[in-house]
Amino acid sequence: MLKTDIVAVLEDIAELLELKGENPFKVRAYQSGARALEAMEEELGDVIADDRLGKIKGIGKALVEKITTLHETGELEYYDKLRDSVPASMIELLTIPNLGPKKIKKLHDALGIDSIDSLRAACEAGKVAEIPGFGAKTEEKLLSGIANREAYQARHHWWEAAAVAEPIVEGLRELPEVQRAESAGSLRRMRETVGDLDFIVASTDPKPVMDWFVGLEEMVEVTAHGQTKSSVRFHGGLQADLRVVPPEQFAFALLHFTGSKDHNVRMRQRALERGWSLSEWGLFDKDSKPEDPDRQSVIVAESEEEIYAKLDMKWVPPELREDRGEIEVGAKGSFPQLVEVEDIVGVFHNHTTASDGRNTLEEMTAAAEALGLEYLGIADHSKASFQASGLEEERLTAQIEKIRALNASGKFKCHVFAGSEVDILKDGSLDFDNDMLAQLDYVVASVHNALTLTEEEMTARIIRAIENEHVTMLGHMTGRLLLRREPYAVNVGKVIDAAIANNTIIELNANPWRLDMDWRHWKAASEKGLLCAINPDAHDTDGLALFVAGVNVARKGWLEPRHILNCRPLAEVKQYFGVE
DNA sequence: GCCGTTTTCGGCCCGACTGTTTTCAGTCG
């Protein structure tokens with residue numbers, strides 16, 4: 001069984017145990033075991049063979065056995081028995097807001113409810129309100145939760161969530177009662193998708209701030225409205241939480257609600273080791289109680305830096321707060337200088353009206369120049385992508401000449417590189433022959449069809465393309481479309497190794513719906529010597545600016561300017577491409 | 001189920017909000 005499937009089994013087990021009312025820490029152990037396995041870069045088969053699985057933090061004796069059995073046989077008796085003991089339709093009940101394992105168990109014991117359908121029927125018949133601990137309001141909330149389940153569960157692309165959040169933060173900052181306001185949560189951590197928005201505000205007068213927030217025009221439902229916290233749902237299901245705290249607690253609240261949960265757990269452990277307890281309210285003596293009116297924070301912190309410093313750490317950039325090594329690095333010393341938007345001086349992989357773009361070569365060049373870019377790489381589709389009006393040899397040759405003439409004309413300061421996004425055909429050969437490819441300044445090779453090959457076939461196909469001496473970079477490695485299409489089966493580790501061995505770049509496709517190759521792979525890959533290009537894959541002039549989304553996730557992948565080709569000035573890029 | 005220079009047993013992050021309660025359990029993040 002493949003690693004990704006084993007991860008899914010472990011997550012399944014955690015859910016089933018949760019439903020059965022098992023020890024929550026056991027549930028967490030399966031969840032963190034699943035995460036540890038997921039984050040493991042090496043080949044699972046190798047790790048098992050070397051007897052190193054149990055050395056990974058979060059994977060103990062029991063999980064080593066279960067993972068090994070699943071890897072070798074694809075089956076696990078423990079899992080099968082567990083599944084047989086819980087109706088599959090019950091797992092779905094966990095996706096309803098305000099419904100957790102305890103209530104589900106009560107519903108099952110009292111009314112035999114084992115699915116969303118039977119729950120809906122029981123609510124509509126008024127039977128749920130009769131169960132002790134439940135009431136009319138709960139019944140109402142459950143029905144609304146069932147009705148809006150899909151919208152509530154939906155995650156949102158970072159780019160879109162940011163567009164919603166930005167005006168709200170601005171609006172909060174303009175309120176006279178507000179001293180400071182920030183977005184926190186996965187939005188601040190630059191996750192590729194965002195579940196809900198978190199706003200943290202410093203104010204000594206929370207009420208008007210809360211009232212402004214729950215009165216926002218886009219709001220359709222207020223789900224909480226308390227002393228320090230309000231929650232609303234916007235049209236489309238996006239949820240937003242606002243927390244208003246006294247100014248002296250702002251840094252603690254911002255740290256806490258930025259997360260991630262795993263990062264917070266590590267930070268709190270660190271505090272405990274030093275005799276303190278860390279929460280969103282401050283850093284307190286370990287043995288003090290929240291209800292104690294005299295409780296005082298051990299430090300006054302204006303900023304997150306001061307909290308980290310008190311725990312003997314450097315400030316951790318929010319993008320890195322995923323418990324993927326940042327605690328250890330922050331405790332030892334400084335973080336690398338992560339790439340910033342200003343470091344990007346040019347962009348490759350962009351389309352024009354010659355294939356499926358919506359702006360001409362000149363319009364794209366003008367737009368790149370307006371963005372202050374030194375160079376623009378054009379890479380229209382090749383002929384196999386006929387659905388995208390891919391260029392055949394004659395049209396590509398003409399485009400190359402046009403680009404050379406445009407550069408020679410001196411009309412723009414922005415230099416244009418002539419490239420192609422050439423299709424990787426099913427067998428790994430390319431859509432143009434080497435003579436054609438040799439005339440280009442650079443070549444992006446991408447898979448656009450036959451997406452259902454086996455992992456072995458797809459990996460071999462892509463590696464064959466990487467091995468072609470004319471291929472400069474690999475486009476959108478897994479073909480994923482976030483929240484819409486899963487990545488195709490490909491062994492990412494082997495592709496990375498092949499790219500390094502052949503001096504081929506792997507692109508970080510910056511389209512907010514792709515962000516491919518995934519940020520989780522970049523740290524280890526760049527340490528091994530992989531070079532990155534942050535490519536907007538722009539199909540119109542507005543699309544050029546999408547490289548910003550790529551910079552966000554590049555930072556999540558610990559990338560520095562030295563790891564990224566388009567942080568290099570024009571002359572160096574020309575040299576890299578071997579062109580004049 | 002995991003983990004350990006205070007540990008191989010007894011912990012495991014902490015607190016707000018809601019609803020249904022007469023003091024708290026459940027859920028969420």
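Reminder, nothing fancy here: chain letters follow the sequence lines and each chain counts from 1.
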### Query
Near A:Glu527 CD, under 6.0 Å, is it more than 12 heavy atoms from other residues, nucleotides or ligands?
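Yes, because the 6.0 Å sphere around CD of A:Glu527 holds more than 12 heavy atoms from other groups.
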### Message
Can you list everything that forms a ring-ring contact (aromatic ring centres under 6.0 Å, His included) with A:His71? Sequence neighbours excluded, please.
### Response
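For A:His71 there are no ring-ring contact (aromatic ring centres under 6.0 Å, His included) partners, ignoring immediate neighbours.
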Residues within [range] bordering DNA chain B, heavy-atom distance below 4.0 Å:
range: residues 50-65 of chain A; value: A:Ile56, A:Lys57, A:Gly58, A:Ile59, A:Gly60, A:Lys61, A:Ala62, A:Leu63
range: residues 85-102 of chain A; value: A:Ile96, A:Pro97, A:Asn98, A:Leu99, A:Gly100, A:Pro101, A:Lys102
range: residues 240-268 of chain A; value: A:Lys261, A:Val265, A:Arg268

### Query
In chain order, what residues pass the side-chain hydrogen bond (donor to acceptor under 3.5 Å, both in side chains) check against A:Tyr308, with sequence neighbours excluded?
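side-chain hydrogen bond (donor to acceptor under 3.5 Å, both in side chains) check on A:Tyr308 returns A:His263, A:Arg321.
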Which nucleotide in [options] has an atom nearest any side-chain atom of [X]:
X: A:Thr228; options: B:dC14, B:dA16, B:dG26; answer: B:dA16
X: A:Thr138; options: B:dC2, B:dC17, B:dG19; answer: B:dG19
X: A:Lys106; options: B:dG19, B:dG1, B:dG26; answer: B:dG26
X: A:Asp196; options: B:dC14, B:dG29, B:dG19; answer: B:dG29
X: A:Gln227; options: B:dG15, B:dC17, B:dC2; answer: B:dC17

What distance, rounded to whole Å, do you find between the two [atom1] atoms, one in [N] and one in [M]?
N: B:dT18; M: B:dG11; atom1: P; answer: 33 Å
N: B:dC12; M: B:dT8; atom1: C1'; answer: 16 Å
N: B:dG26; M: B:dT21; atom1: P; answer: 13 Å
N: B:dT20; M: B:dC28; atom1: P; answer: 15 Å
N: B:dG29; M: B:dT22; atom1: C1'; answer: 28 Å
N: B:dC13; M: B:dC3; atom1: C1'; answer: 16 Å
N: B:dG10; M: B:dA16; atom1: C1'; answer: 28 Å

### Query
How are the rings of A:Tyr30 and A:Tyr78 set to each other: parallel, tilted or perpendicular (split at 30° and 60°)?
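Aromatic pair A:Tyr30/A:Tyr78 classed parallel.
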### Message
With a 4.0 Å cutoff (strictly under), does any side-chain N or O of A:Lys66 reach OP1 or OP2 of B:dG1?
### Response
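Checking B:dG1 against A:Lys66, a side-chain N or O does come within under 4.0 Å of OP1 or OP2.
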### Message
Taking 4.0 Å as the cut-off, does a side-chain nitrogen or oxygen of A:Lys137 come that near to OP1 or OP2 on B:dT18?
### Response
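Answer no for this pair, as no side-chain N or O of A:Lys137 is under 4.0 Å from OP1 or OP2.
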### Query
Between A:Ser32 and A:Gly226, who's closer to the 5' end of DNA chain B by nearest nucleotide?
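It is A:Ser32, whose closest nucleotide lies nearer the 5' terminus.
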### Query
With nearest nucleotides of DNA chain B determined for A:Tyr78 and A:Ile131 from heavy-atom distances, which residue corresponds to the more 5′ nucleotide?
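Closer to the 5' end of DNA chain B: A:Tyr78.
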### Message
Is B:dT7 syn or anti, taking syn as a glycosidic angle within 90° of 0?
### Response
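Base orientation relative to the sugar is syn.
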### Task
Compare all side-chain heavy atoms of A:Ser230 with those of A:Asp241 and state whether any distance is below 4.5 angstrom.
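With C-beta onward as the side chain, the pair stays apart.
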### Message
Tell me if a side-chain donor or acceptor on A:Thr69 pairs with a main-chain N or O of A:Leu76 at a distance below 3.5 Å.
### Response
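Checking the backbone N and O of A:Leu76 against the side chain of A:Thr69, no donor-acceptor pair under 3.5 Å is found.
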### Task
Answer with base, sugar-phosphate or nothing: what part of the nucleic acid does A:Ala136 contact at a heavy-atom distance below 4.0 Å?
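Sugar-phosphate, no base atom in range.
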### Task
Identify whether any heavy atom of A:Ser277 sits under 4.0 Å from a base atom; if not, whether one sits that close to sugar-phosphate; answer base, sugar-phosphate or nothing.
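It contacts sugar-phosphate atoms only.
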Please list each protein N or O that sits under 3.5 Å from an N or O in nucleotides 7-11 of chain B, with the distance.
none

